[in-house]
Peer 1: 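Encoded as C-alpha cells, here's the structure I'll be asking about.
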Amino acid sequence: MQQTEPFVFNSPHSGRIYPAGFLQMSRLDRMAIRRSEDFFVDELFARVVHLGAPMQVAQFPRSWLDVNREPYELDPRMFDGPLPAFANIGSLRVAGGLGTIPRLVAENMEIYRGRLSVEEGLSRIEGVYRPYHASLRRIIAQTHVQFGKAILIDCHSMPASVRVAGGNRRPDIIIGDRYGASADHDLSYAAVSILSGLGYHVVRNKPYAGGFITEHYGRPARGLHALQIEINRGLYVDEERLEKTSGFEPLKADLSEFAGDLMAYVRETLSKDRLAAE
C-alpha cells in the first residue's frame, strides 16, 4: 500500500514465532511462555495499512528478545561469562528481570533452565534487534522527509488486572507520551479525546508512560512524535486460554476508527499550519 499519512505504526511485542532452540532452553511450557505477548495487537491495528500508514510488526516473541529496551540492557546473572563493558547491567528493568533478553515472563516466571552463552545473547541483539530498529528508523525518516513530520504509534497490550493508583476502575486504554516529552500535548489529548468519544475509559501516562521506543524516537521539537498505546486485554482476549473473545472484532473496528480520526486531526492541523505560514 502507498503511504499517504505521516503515521508509522509499530507492534514490537505481538510476535508469536518461538524458535525451537529457545523452547528447549526454557523451563516453561508453550502456554506459560506466551504470558508476555501482546496478544494479537498486530491484528487489532492491521487496518491502518489500508488507511495509508505503514506498520512494522515483530515476528519473534518478546520473551526471546525485547526491542522496547536499550540494545544492551542485560542481566549478568543470566550468562555463563562476562558481558561487554558497555552493557547496561544496572537498569531497573534488568533488576526486574525484563531486560533486552528477559529473565522472566509475566507473573515472575523464570524463563531459562540454565545460563545462556554470551555469544547467544549478543547474536540476538546484533542479528535481530539492530536490524529491527534500523528498519523502524528508516521508515520514520522516510515519513519525516515526505510529510515534514512523523508520528509513531507504538502498539501494546496490558493485563486486565492493571489499575491506576488511587482508583479502582481499570483503564481500557492508556496513552503514553513520556509526560509530554515524546509528543506534542495537543496530539496526545486528541488521541485521548477520540478514544474517550468511542466509549473507552482512557488515561494518560499512568502507569505506562512509554518505553524505550517512545522515548528514543519521540523528538517533538523536530517534528518527530511518538505515542504509546496500551490496550486492556480484558477487552478482547481470554487471558487464561489466550484466545480472542467476542470483543475482538468490535475493538478492532474502533481502533481503525480511532486511527482514521487521529489522521484526520493531523491533516487538519497541517492545513492550519500552512495557512498560518501564508
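Source: prediction; values computed, not measured.
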Peer 1: Counting distance only, does the side-chain N/O of N205 pair as donor-acceptor with the main-chain N or O of D177 below 3.5 Å?
Peer 2: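 Yes; at least one donor-acceptor contact below 3.5 Å.
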Peer 1: Between Y72 and L83, does a side-chain contact (heavy atoms from CB on, under 4.5 Å) hold up when you go through it step by step?
Peer 2: CA-CA 10 Å; Y72 296 100; L83 293 169; over 6 Å; no
Peer 1: Taking the side chain as every heavy atom from C-beta outward, state whether F248 and V237 have any atom pair closer than 4.5 Å.
Peer 2: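 No, their side chains stay 4.5 Å or more apart.
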Peer 1: Between the main-chain N or O of Y236 and the side-chain N or O of T245, is there a donor-acceptor pair closer than 3.5 Å?
Peer 2: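 Yes.
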Peer 1: Does a side chain donor of either S196 or S193 reach within less than 3.5 Å of an acceptor in the other side chain?
Peer 2: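 Judged by distance alone, the side chains do not pair up.
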Peer 1: Checking H225 now: which residues fulfil ring-ring contact (aromatic ring centres under 6.0 Å, His included) with it, not counting sequence neighbours?
Peer 2: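 H225 satisfies ring-ring contact (aromatic ring centres under 6.0 Å, His included) with no other residue.
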Peer 1: Output side-chain donor-acceptor pairs under 3.5 Å for residues 42-61, partner residues at least two apart or in another chain, one line each.
Peer 2:
from, atom 1, to, atom 2, distance (Å)
D42, OD1, R16, NH1, 3.1
D42, OD1, R16, NH2, 3.4
D42, OD2, R16, NH2, 3.3
E43, OE1, K244, NZ, 2.5
E43, OE2, R16, NH2, 3.0
Q56, OE1, S135, OG, 2.6
Q56, NE2, Y132, O, 3.0

Peer 1: Is any side-chain heavy atom of T214 closer than 4.5 Å to one of L227?
Peer 2: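 Side chain of L227 against side chain of T214, heavy atoms only: no contact under 4.5 Å found.
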Peer 1: Do R113 side-chain atoms and S26 backbone N/O form a donor-acceptor pair below 3.5 Å?
Peer 2: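 Judged by distance alone, yes, a pair lies under 3.5 Å.
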Peer 1: In the structure I gave you, are the side-chain heavy atoms of V128 and R124 within less than 4.5 Å of one another anywhere?
Peer 2: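 In short, these two side chains do not touch, never coming nearer than 4.5 Å.
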Peer 1: Would N88 and L74 count as a side-chain contact (heavy atoms from CB on, under 4.5 Å) if you check the C-alpha gap in whole Å, the side-chain angles of each, and the deciding distance to 0.1 Å?
Peer 2: CA-CA 6 Å; N88 180 356; L74 300 173; over 6 Å; no
Peer 1: Could you check whether any side-chain N or O of R69 sits under 3.5 Å from a backbone N or O of L65, counting only pairs where one atom can act as donor and the other as acceptor?
Peer 2: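 Looks like no, no N/O pair under 3.5 Å.
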Peer 1: Please step through side-chain contact (heavy atoms from CB on, under 4.5 Å) for the pair L187 and T269, ending with a clear verdict.
Peer 2: CA-CA 10 Å; L187 179 65; T269 302; over 6 Å; no
Peer 1: In terms of hydrophobic clustering (I, L, V, M, F, W, Y; side-chain heavy atoms under 4.5 Å; direct or indirect links), are I229 and F212 co-clustered?
Peer 2: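 Each belongs to a different hydrophobic cluster.
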Peer 1: Quick one, L262 and I151 - any side-chain contact, counting heavy atoms below 4.5 Å?
Peer 2: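 Not touching, per the 4.5 Å side-chain cut-off.
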Peer 1: Just by modelled atom types, is the R222 backbone N or O under 3.5 Å from a matching donor or acceptor in the H144 side chain?
Peer 2: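 At least one qualifying donor-acceptor pair exists.
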Peer 1: Among pairs that include at least one residue of residues 99-121, which meet ring pair (Phe, Tyr, Trp, His ring centres under 6.0 Å), considering only residues two or more places apart or in two chains?
Peer 2: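 For residues 99-121, and leaving out neighbouring residues, the ring pair (Phe, Tyr, Trp, His ring centres under 6.0 Å) pairs sorted by first residue read F22-Y112.
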Peer 1: Measuring from L251:CG to R233:CZ, what's the distance to the nearest 0.5 Å?
Peer 2: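 Spacing of CG (L251) from CZ (R233) equals 13.0 Å.
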Peer 1: Indicate yes or no: at least one non-hydrogen side-chain atom of V41 is less than 4.5 angstrom from one of H156.
Peer 2: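 With C-beta onward as the side chain, the pair stays apart.
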Peer 1: List the residues meeting salt bridge (Lys or Arg N to Asp or Glu O under 4.0 Å) with D154, not counting sequence neighbours, and say none if there are none.
Peer 2: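 Per chain and number, D154 pairs via salt bridge (Lys or Arg N to Asp or Glu O under 4.0 Å) with no residue.
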Peer 1: Tell me, with the steps shown, if Q228 and E230 meet side chain to side chain donor-acceptor pair (under 3.5 Å).
Peer 2: CA-CA 7 Å; Q228 177 175 284; E230 294 271 0; 3.1 Å; yes
Peer 1: Would you call R267 and E5 a salt bridge, using N to O less than 4.0 angstrom?
Peer 2: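 Yes, charged N to carboxylate O under 4.0 Å.
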Peer 1: Any donor and acceptor pair, going by atom type alone, linking the side chain of S182 with main-chain N or O of A226 inside 3.5 Å?
Peer 2: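 Yes; judged by distance alone, with no hydrogens or angles, the pair exists.
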Peer 1: Are the side chains of I111 and W64 in contact, using a 4.5 Å heavy-atom criterion?
Peer 2: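 They are not in side-chain contact.
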Peer 1: Passes side-chain contact (heavy atoms from CB on, under 4.5 Å), S157 versus F40? Steps please.
Peer 2: CA-CA 9 Å; S157 69; F40 312 116; over 6 Å; no
Peer 1: What class does the angle between the rings of H133 and Y217 fall in, given that below 30° is parallel, 30 to 60° is tilted and above 60° is perpendicular?
Peer 2: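 Ring orientation of H133 relative to Y217: parallel.
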Peer 1: With a cut-off of 3.5 Å and sequence neighbours excluded, list every side-chain donor-acceptor pair involving residues 91-103.
Peer 2:
from, atom 1, to, atom 2, distance (Å)
S91, OG, E73, OE1, 2.6
S91, OG, R93, N, 3.4
S91, OG, V94, N, 3.1
R93, NE, E73, OE1, 3.3
R93, NE, E73, OE2, 3.3
R93, NH2, E73, OE2, 3.0
T100, OG1, E70, O, 2.6
T100, OG1, E73, N, 2.9
T100, OG1, E73, O, 3.3
R103, NE, D75, OD2, 3.2
R103, NH1, E110, OE2, 2.8

Peer 1: Nearest 0.5 angstrom please: I231 CD1 to D254 CG, how far?
Peer 2: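 That separation rounds to 10.0 Å.
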Peer 1: Does Q3 form a side chain to side chain donor-acceptor pair (under 3.5 Å) with T143? I'd like the steps, not just the answer.
Peer 2: CA-CA 8 Å; Q3 183 173 1; T143 302; 2.9 Å; yes
Peer 1: Quick one: does any side-chain atom of R115 pair with a main-chain N or O of F79 as donor and acceptor, under 3.5 Å?
Peer 2: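 Yes; at least one donor-acceptor contact below 3.5 Å.
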Peer 1: Measuring only between side-chain heavy atoms, which start at C-beta, is L152 closer than 4.5 Å to H216?
Peer 2: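 They are not in side-chain contact.
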Peer 1: Determine yes or no for a side-chain-to-main-chain donor-acceptor pair under 3.5 angstrom, with D38 supplying the side chain and H13 the backbone.
Peer 2: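 Not at all, since once roles are kept as given, no pair shorter than 3.5 Å links the two residues.
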Peer 1: Hydrophobic cluster membership, with links at side-chain heavy-atom distances under 4.5 Å among I/L/V/M/F/W/Y: are Y129 and L122 in one?
Peer 2: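 Yes, Y129 connects to L122 through the hydrophobic network.
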Peer 1: Between R170 (side chain only) and V162 (backbone N and O only), is there a donor and an acceptor less than 3.5 Å apart?
Peer 2: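 No; zero donor-acceptor contacts below 3.5 Å.
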Peer 1: Is there a side-chain contact between D80 and L116, using heavy atoms and a 4.5 Å cut-off?
Peer 2: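 No, too far: nothing below the 4.5 Å cut-off.
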Peer 1: Does anything in residues 175-204 pair up under ring pair (Phe, Tyr, Trp, His ring centres under 6.0 Å), and if so which pairs, sequence neighbours excluded?
Peer 2: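 Sorted result for residues 175-204: empty, none.
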Peer 1: Is it true that atom CG of L28 has more than 12 heavy atoms of other residues, nucleotides or ligands lying nearer than 6.0 Å?
Peer 2: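 Counting other residues, nucleotides and ligands, CG of L28 exceeds 12 neighbours.
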